[in-house]
Student: 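There's a structure below that I have some questions on.
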Amino acid sequence: MKQPLHEKIRADFEARILAGTLAPGDRLPTEQELMQAHGCSRMTVNKALSALQSAGLVERRKKAGSFVARPRVHSMVLDIPDLAVQIGERGQRHSYRLTGRQLRGPVAGRDEEAALANGAQLLELDGIHCADDRPLAVEHRLIATRAVPAIVDGDFDSISPGTWLLQHVPWTEAENRISAVGATREEATLLGIAPGAPCLCVERHTWRGGDPITYVRQIFLADAYDMVARFGPAGGSGN
């Protein structure tokens, strides 16, 4: 299905803002300039700019124009890691094996799944991450096809879903939850450990503006992975 022009304009500016090509405070072209550049109506341009404003990426000022928004005072302590890169940085070889894949609707009664689906289907992916061919983590992931329609045809034989998303889908907000859990029988079998053995569980929700992108639950071998965040007082001048 052909992408609407207003969505194409929005996606182009979003990618440039998130990549840093357009810096906070930079002015975007005027509506008239955008209309001429894309051969479209003012309504189309307004839709694109309104979507960028709703996502918190752009500030629109009367008579002044549209500007890249400056970062908010609060920010995430933890970034979204790419396991393939992290494992490579440890001098090991990363591999991912898909163990389950289905396109489905949200399960009745699961409000979080319904919110993620947002009226469309979910792509459910299960797999296992390995380091030097040894199991490291079991992954369960749900992806909103409304936000990421191209994911339906994604090939995960040579790349993990997380890496694919980081390469193709800009994100603006994420929520991490880290806890200690005991491995279920199925997880234990895949990881080669005893059922109930202690593991590190990382759950993450990711959004682009107000649109949910993905939910992922990763179960790591307890002694094989850690997460580190370094930060200082907000607004302080650390050394």
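Just so it is clear, the model here is predicted, and its values are computed rather than measured.
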Student: In the structure I gave you, are the side-chain heavy atoms of Q92 and L136 within less than 4.5 Å of one another anywhere?
Tutor: no

Student: Let me check something: do I159 and V216 share a hydrophobic cluster, defined by ILVMFWY side-chain heavy atoms less than 4.5 Å apart, either directly or through other members?
Tutor: no

Student: Which pair of non-hydrogen atoms, one from E187 and one from I219, has the smallest distance, and what is that distance?
Tutor: OE2-CG1, 3.5 Å

Student: Please report the shortest heavy-atom distance between A84 and T163, naming the atom on each side.
Tutor: CB-OG1, 3.9 Å

Student: Taking a hydrophobic cluster as the set of Ile, Leu, Val, Met, Phe, Trp and Tyr residues connected by side-chain heavy atoms closer than 4.5 Å, whether directly or through intermediates, do L98 and L166 fall within one such cluster?
Tutor: yes

Student: Could you walk me through whether R42 and Q32 pass side-chain contact (heavy atoms from CB on, under 4.5 Å), step by step?
Tutor: CA-CA 8 Å; R42 185 178 297 276; Q32 191 64 37; 3.6 Å; yes

Student: Between R16 and D12, does any side-chain N to carboxylate O distance fall below 4.0 Å?
Tutor: yes

Student: For the backbone of W164 and the side chain of H168, can you confirm whether one donor and one acceptor N or O come within less than 3.5 Å of each other?
Tutor: yes

Student: Looking only at non-hydrogen atoms, find the nearest pair between A144 and P212 and report the distance.
Tutor: CB-O, 3.5 Å

Student: Among E112, E113, Q121, find the one that has a side-chain contact (heavy atoms from CB on, under 4.5 Å) with P106.
Tutor: E113

Student: What distance do L116 atom CG and R110 atom CZ have between them, rounded to the nearest 0.5 Å?
Tutor: 12.5 Å

Student: Is the count of non-hydrogen atoms from other residues, nucleotides or ligands lying under 6.0 Å from E186 atom CD greater than 12?
Tutor: no

Student: At what distance, to the nearest 0.5 angstrom, does CD of E139 lie from CZ of F220?
Tutor: 8.0 Å

Student: Could you grab the distance from atom CD1 of I151 to atom CD1 of I143, nearest 0.5 Å is fine?
Tutor: 4.0 Å

Student: Check C201 against R217 and note the closest heavy-atom contact, atom names and distance.
Tutor: SG-NE, 3.8 Å

Student: So do the side chains of F156 and L125 get within less than 4.5 Å of each other, counting heavy atoms only?
Tutor: yes

Student: So Y215 and H205, would you call those rings parallel, tilted or perpendicular, with 30° and 60° as cut-offs?
Tutor: tilted

Student: Once you round to the nearest 0.5 Å, how far does CG of L22 lie from CD1 of I17?
Tutor: 6.0 Å

Student: Would you kindly confirm whether L28 and I9 end up in one hydrophobic cluster when ILVMFWY residues are joined by side chain heavy atoms under 4.5 Å apart?
Tutor: yes

Student: Determine the minimum heavy-atom distance between D26 and T21, stating which atoms define it.
Tutor: OD2-O, 4.4 Å

Student: Quick check on the hydrophobic clustering: are L165 and L142 connected, directly or via other members, by side-chain heavy-atom contacts under 4.5 Å?
Tutor: no

Student: Would you please test R60 and S50 for side-chain hydrogen bond (donor to acceptor under 3.5 Å, both in side chains) and show each step?
Tutor: CA-CA 9 Å; R60 303 181 72 184; S50 294; 3.1 Å; yes

Student: For H129 and Y96, run side-chain contact (heavy atoms from CB on, under 4.5 Å): C-alpha distance rounded to whole Å, both residues' side-chain angles, the deciding distance at 0.1 Å, then the answer.
Tutor: CA-CA 5 Å; H129 293 269; Y96 173 83; 3.6 Å; yes

Student: Using modelled atom types and a 3.5 Å cut-off, is there a donor and acceptor pairing between side-chain atoms of R10 and backbone atoms of A51?
Tutor: no

Student: With hydrophobic residues grouped by side-chain heavy-atom distances under 4.5 Å, do W171 and V148 end up in a single group?
Tutor: yes

Student: Counting only heavy atoms from other residues, nucleotides and ligands, does the tally under 6.0 Å from CZ of R97 exceed 12?
Tutor: no

Student: Once rounded to the nearest 0.5 Å, what's the spacing between atom CG of D157 and atom OG of S95?
Tutor: 12.5 Å

Student: For K47 and E7, run side-chain contact (heavy atoms from CB on, under 4.5 Å): C-alpha distance rounded to whole Å, both residues' side-chain angles, the deciding distance at 0.1 Å, then the answer.
Tutor: CA-CA 8 Å; K47 278 185 179 181; E7 177 64 16; over 6 Å; no

Student: Rounded to the nearest 0.5 Å, how far does CZ of R27 lie from OG of S66?
Tutor: 8.5 Å

Student: With no hydrogens and no angle check, just 3.5 Å: does a side-chain donor-acceptor pair link T99 and D126?
Tutor: no

Student: Can you see which heavy atom on C40 is nearest to which on V45, and at what distance?
Tutor: SG-CG2, 3.7 Å

Student: Is there side-chain contact between L123 and V152, with heavy atoms separated by less than 4.5 Å?
Tutor: no

Student: Between R204 and Q218, is the side-chain contact (heavy atoms from CB on, under 4.5 Å) condition met? List the steps.
Tutor: CA-CA 9 Å; R204 182 179 298 111; Q218 297 169 325; 4.3 Å; yes

Student: Answer yes or no: is there a side-chain heavy-atom contact under 4.5 Å between F13 and V68?
Tutor: no

Student: In the structure I gave you, are the side-chain heavy atoms of I193 and C199 within less than 4.5 Å of one another anywhere?
Tutor: yes

Student: Does the T145 side chain pair with the main chain of L122, one donor and one acceptor, at a distance under 3.5 Å?
Tutor: no

Student: Can you establish whether the number of heavy atoms outside R104 located under 6.0 Å from its atom CZ is more than 12?
Tutor: yes

